[in-house]
Every structure is written in structure tokens, then in C-alpha cells.
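Only one structure is covered here, and it is reproduced in the block below.
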Amino acid sequence: EVAVSWRPSTEFAGNLYKGEGILPASPRDVWECIKPVAGGIRTKWDQNVKDFEVIEAISDTVSICRTTTPSACMRIISPREFVDVVVMKQYEDGTMLSAATNVEHPLCPPQPNFVRGFNYPCGCFCIPVPGEPDRTELLTFFQTDLGGYLPQTVVDSFFPSSISGFYSNLTKAVKALKA
């Protein structure tokens, strides 16, 4: 189960979306499924991530990444690309964080056949559930400008269902990982 809420973004003319849910897996297993690394398994289960590549590794925890998405909403939303600076961090309590925001990079100009979208500060927190090592609280924050000429009503109807699908598909992915 997931709760999705939103409010107007202070960063751009769209919304900040928050997803909250408990997943039936350890934080490490959840992190394995969502961590933003080249060759990771997210492209296999996340219907909104077609490809993920590291353009430049700045350090072990900071990189410039390009993410592409397939078309969505019966092709009303055409394929997108996003270029972000991504930071990963692990805290003493076992919480793992991936945070990102859009950036321009000379090695990643806009590509043909993609609309350039922009992620404003966003991220995922994998939080251990005290006393329950095989459960993880996952908080997600998305504030994405999909770019192009989409009516706001299309964007507003896409994101809540997309976030619910993200949690559902992630739950299936962590169960498959544990199997």
C-alpha cells in the first residue's frame, strides 16, 4: 500500500509529489532495486525508466546521470530524457538516500527523439522499520517538469498513478530479488 500526496512546488509551476509506503523487504534489498547506478536492476522493473547511464562519476557518491523514459499514457506522453546530478548517502541509522536535481552537462546535450524534462530536487529514502529487519519505509519525492507541451491535466493525472505503480512494481521486484 502507498499513500500519495501533493502540493504546489516552490521550484516550478507543477507539483511536489510524496509517496509513502512500507515494503516487505530489508532496506538493503529495497536499495538494491532502486539505487541509481549504471547496470542496476531498476530498468528491469520500473516501467518509467527505460535506460540509465552515468555521464560522469564525480565521486563514489555523486554522479551526473541521464535517465530516459518510454512513452506513457497511451503515447500521449512521448519519451523523455533527464540529466541530473545524483547523490547517494547512507546514514548511521541504516537509512539510504538517493537525491537528485536537474543539471546541464556538456557531454549530454539534448538527444533527438526525446523531450528534455527537468527533475527539481527529488529523492528516495529507504528507512529501516525499528524491530522489523524485513520491512522498509520508503519515502519518495518527485517534482518533475516533463517538458514539452503537455496539458497540466495530463501531468496531474499521470503522476499519482505512476507513483502507485512504482511502489507496486518495486514490491514485486524485491520479492523476486529475495526468491
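All heavy atoms count here, side chains included; hydrogens, waters and symmetry mates do not.
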- Let me see the working for T69 and N48 under side-chain hydrogen bond (donor to acceptor under 3.5 Å, both in side chains), right down to the final yes or no. CA-CA 5 Å; T69 66; N48 291 315; over 6 Å; no
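With no hydrogens or angles considered, no side-chain donor-acceptor pair links N102 and D84 at under 3.5 Å. In this model, a donor atom of one side chain and an acceptor atom of the other lie less than 3.5 Å apart for S78 and R80. A donor-acceptor contact closer than 3.5 angstrom links the side chains of T140 and Y167.
When atom types are taken as modelled, the side chain of S9 and the backbone of E11 share a donor-acceptor pair closer than 3.5 angstrom. Checked by atom type and distance alone, the side chain of D29 never pairs as donor or acceptor with a backbone atom of A25 at under 3.5 Å.
Taking SG of C65 as the reference point, atom CG of D51 lies at 11.5 Å (rounded to 0.5 Å).
Clustering ILVMFWY residues whenever any of their side-chain heavy atoms sit less than 4.5 angstrom apart, transitively, puts L16 in a cluster other than the one holding V154. Transitive grouping of hydrophobic side chains (ILVMFWY, heavy atoms separated by less than 4.5 Å) brings L177 and L23 into a common cluster. Side-chain heavy atoms closer than 4.5 Å link hydrophobic residues (I, L, V, M, F, W, Y) into clusters, and following such links, possibly through other members, connects V155 to I77. When hydrophobic clusters are built by joining Ile, Leu, Val, Met, Phe, Trp and Tyr residues whose side-chain heavy atoms come closer than 4.5 Å, directly or via intermediates, V4 is grouped together with F159. There is a path of hydrophobic side-chain contacts, each under 4.5 Å, that joins V87 to I58.
The two residues C33 and W45 come nearest to each other via the heavy atoms O-NE1, 2.9 Å. Minimum interatomic distance between P109 and L107 (heavy atoms only, all atoms of both residues): CD-C, 3.6 Å.
Side-chain contact between I22 and T136: absent, with no pair of heavy atoms (C-beta onward) separated by less than 4.5 Å.
Taking the six-membered ring for Trp and thresholds of 30 and 60 degrees, F142 and F166 have ring planes more than 60 degrees apart, a perpendicular arrangement.
A cation-pi arrangement is found for R66 relative to F114, the charged atom lying closer than 6.0 Å to the ring centre and inside a 45° cone about the ring normal.
Counting heavy atoms of neighbouring residues, nucleotides and ligands inside a 6.0 Å radius, atom CD of Q152 exceeds 12 of them.
The only option from V103, V49, N119, T68 that meets the side-chain contact (heavy atoms from CB on, under 4.5 Å) definition with F82 turns out to be N119.
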